[in-house]
Structures are given as C-alpha cells and as structure tokens.
Amino acid sequence: MNEIARAWLHPYELDRYAHLPVNRRQRSFLFGRMVAKAALSEWGIVAEPCEVAITSGVFGQPVVHGSTAVGLSLSHTGNHIAAVACDAECPLGLDIEVLDPRRSNALERVLTAGMAQLTEFGVELPYEMALFSLWTQREALGKAIRIGLTAPETAYTLAHAAWDTHTQCLRSTFSTFTQFECETIFANRWVMSLAHPKNWSPTKELIEIVSNKEDFR
C-alpha cells in the first residue's frame with residue numbers, strides 16, 4: 001500500500017498519511033485522495049496524481065492546490081468514497097451515507113422538524129431513507145457553501161421537497177439558501193445527495209462519475 005501511496009500522494013499528503021495512527025485511517029485517506037484525483041482527472045486536470053495536493057480548508061473543505069479554477073467535494077462512509085470535481089464558479093457539495101439504524105435515534109433528535117416537513121410536502125419514503133436523506137442534504141449544502149454544519153440548524157430548513165419520477169430522486173430546495181437545490185438518490189443501503197445552484201443541473205455523466213450506475217438508480 002505504501003507504494004501505491006507514493007504514486008498517488010503529493011509529498012504534503014504523503015507526510016500526513018505517514019502520521020495517521022492506524023491502518024484503517026491510512027486506507028481511508030489514501031483511497032479518498034485516489035477517488036478525488038480521479039474526479040479531477042475527469043474534469044481535465046492534467047498532472048500526475050502525486051503532483052496534485054489536496055489539503056483541508058478552514059471548515060474542513062477540500063482545497064486543490066495549483067488550480068484555482070476547480071472545486072472539489074469529497075465524502076466517505078464505511079468502505080464507500082465519492083468525489084466530484086467542478087468549475088470553481090459553480091459550487092457543488094456531495095455527501096454519501098450508509099443507512100445505519102444505529103444512528104437513527106441521534107439523527108432524529110436534530111431532524112424532527114425536517115421529518116415533519118417531508119410529511120407536509122407529501123414525500124413518502126421509508127423512515128430511514130427519509131431521515132438520512134435529510135442528513136445528507138444538510139451535509140451536501142454545507143459543503144457547497146463551504147461552511148459545513150457550522151450554521152444554526154434553521155439555516156438548513158427545507159423550502160420544498162418532492163420525489164422526481166423522471167430522475168428517480170428526491171429534489172429539495174432550502175428556505176435560507178434559496179439559490180441552491182439538492183438531488184438525493186438511493187441504492188440498497190446507501191443514500192447520496194448533491195447540492196448545487198438552481199440554474200445548474202447534474203448531467204448523466206456526472207452522476208456516473210460520482211457513483212456506481214448499477215447501484216444508484
């Protein structure tokens with residue numbers, strides 16, 4: 001694995017990788033950078049992976065060094081990693097989560113109002129899918145606006161949500177950040193949300209880059 005790390009990691013990243021305390025965190029860090037740099041390559045960044053450095057910004061957001069024209073959003077959950085690269089002028093936020101019932105009670109305490117909103121909007125989803133869709137939407141929006149979950153909970157309140165039968169996803173908008181919307185897709189025990197400006201839509205090719213088409217449909 002160290003040989004792979006040297007091929008993919010910038011010297012700055014390699015130093016961080018070497019100082020991670022356990023193998024599991026090293027693998028997660030390495031694979032996350034590999035997926036992120038694959039997304040950057042799809043976007044058109046022409047460089048050897050070890051020449052591209054991805055560091056963390058003030059709020060933990062990924063920052064690509066050597067290119068001010070590209071943005072990056074990265075998400076880990078379990079053994080799954082997703083990343084999306086985009087033009088820096090079009091902020092995107094991506095979050096993927098496993099539907100883990102052990103986390104349901106904790107999420108329900110902070111998402112009670114959101115769950116009531118989904119019912120009000122007429123969205124009919126199984127309990128866990130609804131719960132984790134709300135959570136990933138918050139995470140995705142926070143990443144898109146580069147502040148994470150540091151804003152008050154009311155900042156992530158939904159304005160509307162509806163199931164899109166054409167794209168088979170949950171499409172949501174927000175009360176505070178009215179210029180953003182979010183698409184949420186489901187597969188087996190996974191949920192993924194992508195937040196983006198309202199005047200931009202994710203293409204089929206983008207969805208294929210950030211997810212496994214056989215699983216997400």
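What you see below is based on every heavy atom in this structure, not just the backbone, and it leaves out hydrogens, waters and symmetry mates.
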Walk me through it: do Cys182 and Arg138 pass the test side-chain contact (heavy atoms from CB on, under 4.5 Å)?
CA-CA 9 Å; Cys182 190; Arg138 286 191 177 198; over 6 Å; no
Tell me, with the steps shown, if Leu158 and Thr173 meet side-chain contact (heavy atoms from CB on, under 4.5 Å).
CA-CA 6 Å; Leu158 297 180; Thr173 55; over 6 Å; no
Find out whether Pro62 and Ser73 are in side-chain contact, i.e. whether some heavy atom of one side chain is under 4.5 Å from a heavy atom of the other.
no
For the pair Arg33 (side chain) and Leu9 (backbone), establish whether a donor and an acceptor sit closer than 3.5 Å, ignoring hydrogens and angles.
no
No-hydrogen, no-angle side-chain donor-acceptor test under 3.5 Å, Asp95 and Ser75
yes
Ser41 (side chain) donor-acceptor with Lys37 (main chain) under 3.5 angstrom:
no
Out of curiosity, Trp135 CH2 to Ser104 OG, how far, rounded to the nearest 0.5 Å?
12.5 Å
Drop me the distance from His10's NE2 to Thr55's OG1, to the nearest 0.5 angstrom.
10.0 Å
From the options Ile185, Leu134, Thr184, select the one residue that forms a side chain to side chain contact (heavy atoms under 4.5 Å, CB included) with Ser193.
Thr184
Just by distance, with hydrogens left out, do Ser175 and Thr157 show a side-chain donor and acceptor under 3.5 Å apart?
no
Nearest 0.5 Å, what's the CG-OG1 distance between Leu125 and Thr119?
10.0 Å
In the structure I gave you, are the side-chain heavy atoms of Phe174 and Leu141 within less than 4.5 Å of one another anywhere?
yes
Which heavy atom of Glu13 sits nearest to which heavy atom of Trp8, and what is that distance?
OE1-O, 4.1 Å
With a 3.5 Å cut-off and no angle check, do the side chains of Tyr156 and Glu139 form a donor-acceptor pair?
no
Can a donor-acceptor pair be found, under 3.5 Å and without considering hydrogens, that links the side chain of Lys198 to the backbone of Thr178?
yes
Checking Met192 against Glu183 for the side-chain contact (heavy atoms from CB on, under 4.5 Å) test, could you report, in this order, the C-alpha distance in whole Å, the side-chain angles of both residues, the deciding distance, and whether it holds?
CA-CA 8 Å; Met192 183 172 72; Glu183 275 98 13; over 6 Å; no
Using the rule that Ile, Leu, Val, Met, Phe, Trp and Tyr join whenever any side-chain heavy atoms are under 4.5 Å apart, tell me whether Tyr17 and Val63 fall into a single cluster.
no
Could you walk me through whether His65 and Ile54 satisfy the side-chain contact (heavy atoms from CB on, under 4.5 Å) test, starting with their C-alpha distance in whole Å, then the side-chain angles of each, then the deciding distance to 0.1 Å, before giving a yes or no?
CA-CA 6 Å; His65 288 265; Ile54 302 172; over 6 Å; no
Taking all heavy atoms of Ile96 and all of His80, pick out the closest pair and write down the distance.
CD1-CB, 4.3 Å
For Gly93 and Lys143 the tightest heavy-atom approach is CA-CB, 3.9 Å
Contact check, side chains of Leu40 and Val52, non-hydrogen atoms, under 4.5 Å
yes
Interatomic distance, Glu181 atom CD to His160 atom NE2 [nearest 0.5 angstrom]
11.0 Å
So do the side chains of Gln168 and Phe186 get within less than 4.5 Å of each other, counting heavy atoms only?
no
In Å and rounded to the nearest 0.5 Å, what is the CZ to CG distance from Arg109 to Leu111?
11.0 Å
Whether the Ser172 and Gln137 side chains hold a donor-acceptor pair (N or O, under 3.5 Å, no angle test) is what I'd like checked.
yes
How many angstroms lie between atom NE2 of His76 and atom CZ of Phe29, to the nearest 0.5 angstrom?
8.5 Å
State, with a plain yes or no, whether a side-chain heavy atom of Leu194 is found less than 4.5 Å away from one of Val84.
yes
Side-chain contact test, heavy atoms from C-beta onward, threshold under 4.5 Å: evaluate it for Leu99 versus Val191 and give yes or no.
yes
For residues Leu72 and Ala83, report the shortest heavy-atom separation together with the two atoms involved.
CD1-CB, 4.5 Å
When you measure from the side chain of Arg171 to the backbone N and O of Cys169, does any donor-acceptor pair fall under 3.5 Å?
no
Does Tyr12 have any ring pair (Phe, Tyr, Trp, His ring centres under 6.0 Å) partners at least two apart in sequence or in another chain, and if so, which?
none
Centroid-to-centroid, Phe180 to His196, below 6.0 Å?
no
Mind checking whether Asp100 and Thr77 have side chains closer than 4.5 Å, heavy atoms only?
no
What are the two closest heavy atoms between Asp164 and His166, and how far apart are they?
OD1-N, 2.9 Å
Output yes when a side-chain donor or acceptor of Ser133 lies under 3.5 Å from a complementary backbone atom of Ala130, and no otherwise.
yes
Residue pair Pro49 / Ala7: nearest heavy atoms and the distance that separates them
CB-O, 3.9 Å
